[in-house]
Colleague: 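I have a structure here, written as structure tokens, and I will follow up with some questions on it.
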Amino acid sequence: MALVVLVGLYGCAQQQEPGPQNIGWTEVAIDTGKAKLLQEEVDNGHRPGLLDPHQVIYEFLEGQLRILGSEVQEIKEVDVKVKEIPEGKVIQVTLYDGKVLQFSLVQPVRKGPTGIWQVKGYRFLK
């Protein structure tokens, strides 16, 4: 029985091959328990920056990738659909040194203007 389940899962995974727009993403694990606590903090008037996708990107750049906000030349939303996050956003960041990164963001707890954003993945384009 377990073998049948594994074969079924493997077969499903094979059907979802990444297209050219989905290649090169580094996945970022989202802790749903922590996300719920962060959402509660925002609901209580703390950390309002988590409602702004651009602010979430800046925090991720500095905290996770060690790229200072002062190195950012441009940040914009792009129209790239990522199969793994159909309800999210893709934000592109251009640095002054010419590097270009894309970030996929999702709202893990609540959708809409009162839901926090978190980075689900990122990739370097240049």
Side-chain angles (χ1 to χ4, degrees):
M1 181 66 158
L3 181 59
V4 171
V5 171
L6 286 174
V7 170
L9 289 174
Y10 181 73
C12 290
Q14 291 297 318
Q15 293 172 0
Q16 297 177 0
E17 291 180 22
Q21 295 175 335
N22 294 332
I23 295 174
W25 289 94
T26 298
E27 188 173 338
V28 177
I30 294 179
D31 180 335
T32 54
K34 184 178 177 185
K36 288 178 183 176
L37 291 174
L38 289 170
Q39 182 68 61
E40 286 179 25
E41 283 187 46
V42 171
D43 292 344
N44 291 324
H46 307 287
R47 305 214 41 204
L50 295 176
L51 298 173
D52 177 5
H54 290 198
Q55 183 62 36
V56 171
I57 296 290
Y58 277 108
E59 288 183 23
F60 188 87
L61 281 168
E62 291 187 358
Q64 302 297 316
L65 300 179
R66 306 288 186 236
I67 297 172
L68 298 177
S70 61
E71 295 179 49
V72 174
Q73 179 180 5
E74 181 183 37
I75 184 168
K76 64 181 179 179
E77 188 169 338
V78 293
D79 189 25
V80 174
K81 300 301 177 201
V82 180
K83 287 181 189 178
E84 293 79 16
I85 58 153
E87 298 177 10
K89 292 181 182 255
V90 176
I91 306 288
Q92 185 165 299
V93 175
T94 303
L95 304 178
Y96 282 109
D97 67 3
K99 291 180 186 165
V100 178
L101 299 91
Q102 285 185 338
F103 294 87
S104 61
L105 285 90
V106 295
Q107 291 181 301
V109 180
R110 177 186 314 138
K111 310 295 184 237
T114 61
I116 65 168
W117 289 95
Q118 288 194 307
V119 174
K120 175 74 174 153
Y122 66 94
R123 66 180 172 180
F124 285 86
L125 297 180
K126 298 185 198 181

Colleague: Show me the donor-acceptor pairs, under 3.5 Å and distance only, between side chains in residues 106-117 and residues at least two apart or in other chains.
Modeller:
from, atom 1, to, atom 2, distance (Å)
Gln107, OE1, Gly112, N, 3.1
Gln107, NE2, Gly112, O, 2.7
Gln107, NE2, Gly115, O, 2.9
Arg110, NH1, Asp43, OD1, 3.1
Arg110, NH1, Thr114, O, 3.1
Arg110, NH1, Thr114, OG1, 3.3
Arg110, NH2, Asp43, OD2, 2.9
Lys111, NZ, Gln107, O, 2.6

Colleague: State which residues pass salt bridge (Lys or Arg N to Asp or Glu O under 4.0 Å) with Glu77; sequence neighbours excluded, sorted by chain then number.
Modeller: Lys89
Colleague: Which residue is it: Val78, Val119, Ile75, Leu101? I am looking for the one with a side-chain contact (heavy atoms from CB on, under 4.5 Å) to Ile91.
Modeller: Ile75
Colleague: Do Leu37 and Lys34 come close enough that some side-chain heavy atom pair is under 4.5 Å?
Modeller: no
Colleague: Quick one: salt bridge (Lys or Arg N to Asp or Glu O under 4.0 Å) partners of Glu59, sequence neighbours excluded?
Modeller: Arg47
Colleague: Kindly write out the residues that satisfy ring pair (Phe, Tyr, Trp, His ring centres under 6.0 Å) with Tyr58, not counting sequence neighbours, or none if the list is empty.
Modeller: none
Colleague: If the condition is salt bridge (Lys or Arg N to Asp or Glu O under 4.0 Å), which residues does Glu27 pass it with, not counting sequence neighbours?
Modeller: Lys120
Colleague: How far does OH of Tyr122 sit from CD1 of Ile57, to the nearest 0.5 angstrom?
Modeller: 12.0 Å
Colleague: Residues two or more places apart in sequence or in another chain: which of them pass salt bridge (Lys or Arg N to Asp or Glu O under 4.0 Å) with Lys99?
Modeller: Asp97
Colleague: Can you tell me how far CD of Gln39 sits from CG of Leu50, rounded to the nearest 0.5 angstrom?
Modeller: 8.5 Å
Colleague: Taking only residues two or more places apart in sequence or in another chain, which ones pass side-chain contact (heavy atoms from CB on, under 4.5 Å) with Leu125?
Modeller: Gln92, Val100, Gln102, Arg123
Colleague: Compile the donor-acceptor pairs under 3.5 Å between side chains in residues 62-74 and protein atoms, sequence neighbours left out, one pair per line.
Modeller:
from, atom 1, to, atom 2, distance (Å)
Glu62, OE2, Gly69, N, 2.7
Arg66, NH1, Glu62, O, 3.4
Arg66, NH1, Gly63, O, 2.6
Glu71, OE2, Leu68, N, 3.3

Colleague: Can you name the side-chain contact (heavy atoms from CB on, under 4.5 Å) partners of Asn44, sequence neighbours left out?
Modeller: His46
Colleague: If we only count heavy atoms from C-beta on, is the Phe103 to Val28 side-chain gap below 4.5 Å?
Modeller: no
